[in-house]
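Just so it is clear, the structure is predicted and the values come from calculations on it, not from any experiment. Quick note on labels: first sequence line is chain A, next is B, and so on, each numbered from 1.
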There are 2 protein chains.
Amino acid sequence: MKTKQDTLYVGSLAKGLRLLRAFDEGHTDLSLSELAQRTGLDKSATQRLANTLHVEGMLDKDPATRRFRPSHAWLQLAYAYYWSDPLIGQAMPKLINLSQELGETVNLAEISGDHIIYVSRLPCKRTYFAATIIGRRLPALSTSGGRAMIATFPEDERRHAIETWPITPFTPSTTLDRALIATSIDDAARDGFAVSTGQMILNEIGVASPIIGHDGRACAAVQCSVSAHTWTRERIVAEILPKLQDTANAISPAFRAHRAGWD
Amino acid sequence: MKTKQDTLYVGSLAKGLRLLRAFDEGHTDLSLSELAQRTGLDKSATQRLANTLHVEGMLDKDPATRRFRPSHAWLQLAYAYYWSDPLIGQAMPKLINLSQELGETVNLAEISGDHIIYVSRLPCKRTYFAATIIGRRLPALSTSGGRAMIATFPEDERRHAIETWPITPFTPSTTLDRALIATSIDDAARDGFAVSTGQMILNEIGVASPIIGHDGRACAAVQCSVSAHTWTRERIVAEILPKLQDTANAISPAFRAHRAGWD
DNA sequence: CGTTGACGTATCATATTATGATACGTATAA
DNA sequence: TTATACGTATCATAATATGATACGTCAACG
């Protein structure tokens with residue numbers, strides 16, 4: 001990996017990207033000062049970079065409050081991403097079928113370092129907002145999708161992930177004990193699917209089945225989230241799992257040959 | 001608007017953004033040379049900027065082919081966008097209900113200059129890929145959503161849009177005659193909804209109802225696309241339209257007070 | 001098998017370009 | 001009114017991006 005003092009490294013561009021990344025769920029619109037504060041850049045630099053992003057259409061600016069916001073261009077980037085990811089095109093029609101058959105929310109998650117990221121979501125029921133939008137990153141160890149994927153890794157990688165990947169306590173019932181997670185992943189390796197309960201929000205049950213890539217490793221998972229108020233683990237395994245696994249298995253072969261070793 | 005030779009304009013950042021925008025549906029992964037060609041930058045600049053984007057995690061790079069691809073970070077930007085757009089949070093639960101009631105694909109479109117952009121899509125049926133992913137921009141005049149929105153504009157703006165906004169012939173039946181489009185928009189102004197047939201793909205009927213913002217102007221629309229093989233205009237008006245309009249009308253008041261004059 | 005060309009990579013002297021301290025104008029609150 | 005915080009504008013300085021150039025590798029071709 002290149003160091004940041006390299007002659008092949010353009011500092012101004014990197015700083016501009018920091019402005020973009022300053023926006024997140026807790027920071028939906030930012031003033032110039034807030035932007036400077038969050039990026040650690042000084043006021044002048046922030047001013048110039050923010051203005052550039054505004055002129056280039058990457059940031060909207062409220063003329064009254066002078067606050068900046070992500071622009072529609074951010075969605076256009078997502079659009080380009082969707083075309084570039086070979087998995088999406090293969091998976092989308094099958095996911096639509098699945099969500100119609102189940103009548104429950106269906107997600108497609110990919111591994112992204114030690115997190116999973118939701119790349120497609122088909123909400124069928126009212127849930128909390130964050131569960132309805134794409135691009136959300138969650139610690140892989142705390143999600144059914146992440147566990148389903150890790151379960152397909154070779155022994156040493158799997159152990160390394162279980163021991164070192166991050167866990168954030170989202171709810172009181174988020175599993176912090178890595179031994180318990182190891183058990184859950186062992187189960188997933190044996191059964192071919194993973195389950196998580198109450199990891200991200202209370203009374204939520206997630207079940208996921210891996211999409212196997214070119215080398216036997218999963219790089220994605222089909223996942224389904226249901227409420228513990230209306231579902232039991234037994235009913236999930238009986239009614240949801242078969243169709244979920246069929247879908248994941250149908251996507252896997254279509255996906256092979258694509259996506260070798262991008263880093 | 002600032003000129004590009006301003007001291008408040010950081011050229012390197014703008015050039016970096018051009019690399020990002022070089023990716024689209026027809027260009028899912030690009031080599032260094034292709035990147036240089038598409039951006040008009042010389043080889044050295046492209047090399048440095050692409051390397052920076054790679055180091056910063058904005059571009060993935062295939063170690064074998066040395067080709068660049070959008071990274072998961074592009075979806076994270078979309079995630080941030082969703083939180084920042086006040087309309088989304090209001091609309092999402094209502095859109096989910098609507099799609100469940102109708103059993104047909106439901107979209108949320110916003111106006112973006114002279115185009116519309118799909119910010120949320122809830123596909124229920126198998127359709128072509130581009131119709132299932134967010135961030136797609138289409139000429140406003142050729143879409144039911146765009147027409148529904150334009151119909152809410154004051155007379156002069158409406159006429160200006162009809163006369164000057166772009167039209168791209170996507171299908172043989174795309175309406176190129178602006179007088180016909182004017183009629184369609186007049187109808188929409190009278191009826192409170194707009195219809196389009198075969199504009200983007202053949203045998204597709206779109207129907208849309210505007211979401212009215214703070215000043216009586218629409219800045220978004222709820223839209224539904226169905227197949228002409230299974231639907232007639234009459235049945236659409238009878239069965240789909242009432243629920244579609246209810247949804248749009250339910251979103252409008254919740255949305256007011258937000259989103260003043262961002263540019 | 002050697003040649004050619006296309007491409008990705010690396011280097012470096014030059015001056016273009018970003019820098020950030022500073023000062024100004026304005027709105028809000030004390 | 002005064003004080004404070006913020007967005008905006010300017011400018012001399014030097015840090016940083018520039019792009020011409022050269023090198024290494026691979027594949028196609030004669």
Task: salt bridge (charged side-chain N to carboxylate O under 4.0 Å, His left out) between E157(B) and R217(B), intermediate numbers included - done: CA-CA 11 Å; E157(B) 277 188 68; R217(B) 290 166 56 101; 2.6 Å; yes
Task: Criterion salt bridge (charged side-chain N to carboxylate O under 4.0 Å, His left out) on E163(B) and R159(B), from CA distance to verdict - done: CA-CA 6 Å; E163(B) 286 168 3; R159(B) 219 187 47 245; 3.6 Å; yes
Open item on the list: Counting only side-chain nitrogens and oxygens, does S44(B) get under 4.0 Å of the OP1 or OP2 atom of dT21(D)?
Closed with: no
Open item on the list: Let's see if you can work this out: which of dG8(C), dA10(C), dT10(D) has an atom nearest to the side-chain heavy atoms of L8(B)?
Closed with: dT10(D)
Open item on the list: In whole Å, I'd like the distance from the CG atom of N51(A) to the C1' atom of dT19(C).
Closed with: 16 Å
Task: Between dT17(C) (P) and K15(A) (NZ): distance, integer Å - done: 16 Å
Open item on the list: Students often mix this up, so state it plainly: with edges at 30° and 60°, are the rings of F129(B) and W83(A) parallel, tilted or perpendicular?
Closed with: perpendicular
Task: Separation of dG25(C) P from L32(A) CG (nearest whole Å) - done: 19 Å
TODO: Map K43(A) and D42(B) onto DNA chain D by nearest heavy atom, then report which one ends up closer to the 5' terminus.
DONE: K43(A)
Open item on the list: Any carboxylate oxygen within less than 4.0 angstrom of a Lys/Arg side-chain nitrogen, looking at D29(A) and R67(A)?
Closed with: yes
Task: Between dC7(C) (P) and D62(B) (CG): distance, integer Å - done: 17 Å
Task: Nearest-angstrom distance from the residue atom CZ of R66(A) to C1' of dT28(C) - done: 14 Å
- [ ] Calculate the interatomic distance between L30(B) atom CG and dC7(C) atom P; express it in whole Å.
- [x] 13 Å
Task: Nearest-angstrom distance from the residue atom CZ of R67(B) to C1' of dG8(C) - done: 13 Å
- [ ] Can you tell me the distance, in whole Å, between the OH atom of Y9(A) and the P atom of dA18(C)?
- [x] 16 Å
Open item on the list: Let's test your reading of the model: under 3.5 Å, does the base of dA5(D) pair with the side chain of S33(A) as donor and acceptor?
Closed with: no
TODO: Just say parallel, tilted or perpendicular for the rings of H72(B) and Y81(A), cut-offs at 30° and 60°.
DONE: tilted
Open item on the list: Nearest to the K61(A) side chain among dG19(D), dT8(D), dG8(C), which nucleotide is it?
Closed with: dT8(D)
TODO: Specify the residue among S12(B) and Q47(B) whose closest nucleotide of DNA chain D lies further upstream toward the 5′ end.
DONE: S12(B)
- [ ] Check every atom of dA17(D), dA21(C), dA22(D) against the side chain of R48(B) and return the nucleotide holding the closest atom.
- [x] dA17(D)
